[in-house]
Structure formats: structure tokens, C-alpha cells
Protein chains: 2
Amino acid sequence: MKNLTKRQEEILNLIKTHILDLGFPPTRADIAKTLGFKSPNAAEQHLRAIEKKGFIKILSGASRGIVLNDSESDQIPVIGLVAAGGPILAEENIEKTIPKSNNLLSSDIDYYLRVKGDSMVDIGIFEEDLIGVSKSASTKIGSVVVARINNEVTVKTLIEMSQNKVVLRPENQNYNDIIINPKVDELAIEGSCVALLRESI
Amino acid sequence: MKNLTKRQEEILNLIKTHILDLGFPPTRADIAKTLGFKSPNAAEQHLRAIEKKGFIKILSGASRGIVLNDSESDQIPVIGLVAAGGPILAEENIEKTIPKSNNLLSSDIDYYLRVKGDSMVDIGIFEEDLIGVSKSASTKIGSVVVARINNEVTVKTLIEMSQNKVVLRPENQNYNDIIINPKVDELAIEGSCVALLRESI
DNA sequence: CAATATACTGTATATAATTACAGTAAAACT
DNA sequence: AGTTTTACTGTAATTATATACAGTATATTG
């Protein structure tokens with residue numbers, strides 16, 4: 001998807017704002033009036049350009065027939081099984097996506113991860129639950145993190161983190177702490193768990 | 001706000017669906033075509049009636065100028081502490097409301113209830129969690145229900161239900177089953193738990 | 001039992017809106 | 001240097017849309 005020019009972006013924002021304010025897209029004349037064009041055709045041609053670049057779709061013959069193409073930035077992916085090796089957010093891991101506007105929880109969620117196994121049941125994280133993961137939230141000691149150890153993704157509580165020792169604790173008395181030497185094993189903290197969804201009880 | 005007739009409700013839903021699908025409201029002709037009216041005026045008059053009852057606003061002169069009035073029905077209330085005596089959904093119990101989400105969780109959630117206590121931790125329901133409650137979902141044996149016993153609201157698993165014996169089980173080994181005789185104690189099953197939200201981990 | 005609300009058909013018209021065509025001018029590629 | 005893209009003005013035709021007016025019929029309410 002090509003980049004929009006400054007003016008085109010301005011028009012796309014105007015459309016979004018109009019929809020947010022009134023609930024329906026503007027007409028060519030509305031756009032022209034707002035931006036001071038003396039001809040509705042100026043708006044028309046901008047719309048065609050924006051459509052060509054893939055950001056909107058113009059429904060011909062319909063008044064206000066401007067459809068916003070769901071940009072991926074407005075969708076939060078739900079990650080099912082993470083294929084070994086690749087990045088978590090790789091296409092093949094995305095089970096579905098949830099529109100951000102429908103998100104009831106923290107706005108800081110980058111993706112949802114479907115929980116496998118019972119290693120976190122003691123703090124109420126069950127198999128099939130969806131965990132809201134934030135990549136930017138600070139990973140403090142004691143927080144629940146998404147970690148990748150030698151290409152395997154896991155959700156655990158972060159207990160200790162120093163240069164040559166990282167301790168990840170399963171919240172289930174049947175499991176033992178995972179102790180990693182980052183100099184020996186490959187370790188990456190992918191994000192912090194900030195919310196939880198259970199779709200059926 | 002007066003109640004809509006069946007037909008009017010049908011039209012309001014059509015408008016909402018149209019907006020959800022395409023991003024803008026339908027025209028009178030669209031409505032007429034969808035519902036099989038032979039005159040766009042039929043749609044026009046329905047719209048006027050729906051506006052009169054306060055559910056929409058019609059912007060005169062604007063094509064597709066139908067604005068949905070934020071009806072409370074699009075918001076799901078979050079119930080904090082339930083005051084003894086009154087109905088669960090009483091105004092004073094509503095902690096906040098959250099917009100109804102279509103894709104995220106079951107569309108059948110009437111309200112969220114904030115969990116107090118630790119009686120359900122064994123199945124991953126923790127204090128401060130929000131439970132999505134459906135009033136209409138069938139209350140089967142084995143399902144987690146919201147029950148009111150002598151004016152106190154509680155969340156438990158329904159184990160047995162007969163004319164003179166109802167058994168509610170806390171999912172926590174430190175608690176005992178609650179055995180009620182509905183002929184002695186006042187008991188009402190308010191709904192079933194169909195989803196769960198945890199706003200922070 | 002009359003008035004009002006509901007639920008439409010049918011026709012007509014003003015206006016709202018899309019959209020095509022003909023230009024101008026500057027900037028950005030190729 | 002020539003073509004394409006961007007960014008508009010200006011005009012006009014066609015179509016889309018709202019909306020008024022005139023009816024019909026049944027149901028509901030005061």
C-alpha cells in the first residue's frame with residue numbers, strides 16, 4: 001500500500017472524523033467546503049487517488065459511498081499456535097483479528113495470545129483463554145510475560161532477571177521454575193500480559 | 001423513550017446492520033427494497049416515527065442523514081456491588097458501561113458482574129474479574145450461574161435443581177456446597193456466566 | 001366512537017450528489 | 001526533456017435521494 005501525500009492524508013482524516021462525528025461519510029461537496037476547494041471535483045480526484053492507493057473504496061452511484069478499508073493498524077490479531085521459529089505476529093499464526101474499536105480492555109494491547117496448557121492455572125489463566133499482550137508495557141519482576149526460549153513461546157511469571165540468570169515461574173505447583181542462562185539459551189521477552197478474555201465459561 | 005413497534009425495530013436494526021456492513025446509513029429506497037416496500041415513502045414514514053420516539057435523528061436535506069441516538073442498549077452495564085434488596089440492574093449498582101462488542105465475546109451478554117471473593121478460583125474466576133452474564137442463556141446443571149439467595153447475589157456452579165433442593169457449589173476446596181430449599185429460602189437464578197474479562201493481570 | 005397511530009401504495013418534484021469533461025499549473029519521477 | 005502525479009478551477013449532466021402530497025386499510029387509544 002503506497003503512502004498518501006500530506007493532502008490526501010488530510011482528506012482521509014476528514015472522512016474518518018466525519019464518520020466519527022455524524023455516522024456517515026462526507027460528500028464531495030462537504031470535503032470541498034471544509035478544505036476550501038471551489039470545485040467538488042477537487043475532492044473527487046483526491047478520493048480517486050486515495051482509492052488507487054488502497055485506503056478507501058468508492059461505491060459508484062451511491063451517495064456518500066466511501067468505504068474505509070480496514071487498515072491493519074485498527075485490528076488486533078489473535079494468535080493461536082505459534083509456529084516454531086518465526087515471529088509471533090507472522091501471518092500464519094493469526095487465528096482472527098478483532099477491531100480495536102470493539103476492544104473493551106486496555107488500549108495498549110498489541111495482540112491476543114491463546115493460552116495452551118495449564119501452567120498458569122494458579123493465577124486463573126486457563127487453557128484456551130486469550131491473553132492481552134502489550135509489547136511496550138514495562139516487564140517488571142513479578143509480572144506475567146510472554147517469553148520465547150529457543151524458539152518456543154511461553155507465558156510465565158518473571159521472577160528474576162540478571163545478565164546470566166533469568167527465572168520464569170509457572171503458576172502451577174506441579175511445575176518447576178524455568179532457569180535460563182541467556183548466554184547459553186536464546187531468550188526474548190516478547191511482551192507483558194495486561195488483560196485476559198475467556199470466551200466461554 | 002417510547003417503545004418501538006416490531007416493524008420499527010426491524011427498520012432500526014436494518015439501519016444498524018447497514019452501518020456495520022458498509023459504514024453509512026441506508027437511503028429510504030434501500031430500506032424499502034430490503035423490506036419489500038413498493039414506495040420509499042413507507043420507509044420515510046417509519047423513520048419519522050422512529051425519530052419521534054427518540055431513537056434516531058434525521059438530518060434534513062442530507063442524503064443518508066440518519067444519526068443513531070446513543071441508546072443505552074448498545075452499552076453493557078458493569079455491575080459492582082449489588083445493593084441488598086433491589087434488582088441487580090438498578091441504577092445505583094452500575095459501576096460503568098462498556099460498548100457492546102460484536103466480535104469479541106458472546107453477543108448474548110446482558111451485563112458484566114464484578115466478582116467479589118475467592119469462591120470460584122478453582123475454575124479461574126478471581127476477585128475483581130468481570131463475568132459476562134446472560135439472562136436468556138439456559139441454566140443447565142453444571143453451568144456457572146448468578147444466583148440470588150435471600151437478597152444476596154452470588155456466583156456459583158449449579159449442581160442440582162429440583163423442587164425442594166438446589167445445590168450450588170463454590171469452586172474452591174475451602175468452601176462447602178450451598179444447599180437450599182426454595183420453599184424455605186428465597187432463590188432466583190438471575191443468569192448464566194458466558195464469558196470473563198480480566199482488566200489487569 | 002372518534003381521534004390517533006401504524007403500515008403501507010403511488011406519484012411527483014426539488015434538490016443533493018456523483019461524476020464526466022475541459023482546463024491550468026507546479027512538482028516529482030523516469 | 002517528457003511523462004506522470006499532484007492539486008486544483010469551472011461547468012454541466014445524469015442520477016440518487018429526500019420529501020411533500022394524496023390515498024387505503026387496520027389497529028390502538030382516549
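A note on names: the letters A, B, ... follow the listed sequences, proteins ahead of strands, and every chain is numbered from 1.
Among E127(A), E171(A), K156(A), the one residue that satisfies the side-chain hydrogen bond (donor to acceptor under 3.5 Å, both in side chains) test with S119(A) is K156(A). Each of I141(B), V167(B), V166(B) was compared with I159(B) under the side chain to side chain contact (heavy atoms under 4.5 Å, CB included) criterion, and only V167(B) meets it.
Taking every side-chain heavy atom of S63(A) into account, dA16(D) is the closest of dT19(C), dA7(C), dA16(D). Set against dT9(D), dT18(C), dT19(D), the side chain of S39(A) has dT9(D) as its closest nucleotide. When distances are taken from the side chain of K52(B) to each of dT18(C), dA7(C), dA5(C), the shortest belongs to dA5(C). Candidate nucleotides dT19(C), dA18(D), dA5(C) were compared by shortest atom distance to the side chain of P40(A), and dT19(C) ranks first. With dT6(C), dC8(D), dT6(D) as the choices, the nucleotide that has an atom nearest any side-chain atom of A49(B) turns out to be dT6(C). Between dT6(D), dA22(C), dT9(C), one nucleotide has an atom nearer to the side chain of N41(A) than all others, and that is dA22(C).
If you check every strand for non-hydrogen atoms under 4.0 Å, A42(B) touches a base.
Atom CD of Q163(B) is surrounded by 12 or fewer heavy atoms from other residues, nucleotides or ligands within 6.0 Å.
Side chain of D129(B) to backbone of F126(B): a donor-acceptor contact under 3.5 angstrom is found. Panel note: side chain D110(B), backbone K135(B); a donor-acceptor pair is recorded below 3.5 Å.
Separating the CD1 atom of I56(A) from the C1' atom of dT18(C) is a distance of 14 Å, rounded to the nearest angstrom. Put simply, CD on Q45(A) is 15 Å from P on dT24(C), counting in whole angstrom units. To the nearest angstrom, P of dT6(D) lies 5 Å from CD of Q8(A). Atoms CG (L4(A)) and P (dT6(D)) sit 10 Å apart, rounded to a whole Å. Remark: P of dC8(D) and NZ of K38(A) are 12 Å apart, rounded to the nearest angstrom. One interatomic measurement links the two molecules: CG of L35(B) to P of dT9(C), which rounds to 10 Å at whole-angstrom precision. If you take CD of E44(B) and P of dA20(D), they are 7 Å apart, rounded to a whole angstrom. Rounding to whole angstrom units, CG of residue L47(B) and P of dC8(C) are separated by 13 Å.
OP1 or OP2 of dA7(C) has at least one side-chain nitrogen or oxygen of T5(B) nearer than 4.0 Å. Remark: R28(A) is in phosphate contact with dT18(C), judged by side-chain N or O atoms under 4.0 Å from OP1 or OP2. In terms of phosphate contacts, H46(A) brings no side-chain nitrogen or oxygen within less than 4.0 Å of OP1 or OP2 of dT6(D). Contact annotation: R48(A) does not reach the phosphate of dT6(D) (side-chain N/O to OP1 or OP2, under 4.0 Å). Checking the phosphate oxygens (OP1, OP2) of dA17(C), no side-chain nitrogen or oxygen of R64(B) falls inside 4.0 Å. Taking side-chain N and O atoms only, K53(A) has no distance below 4.0 Å to OP1 or OP2 of dT5(D).
With no hydrogens or angles considered, a side-chain donor-acceptor pair links N150(A) and D185(A) at under 3.5 Å.
When each of G61(B) and R7(B) is assigned the nucleotide of DNA chain C with its nearest heavy atom, R7(B) is the one assigned upstream, toward the 5' end.
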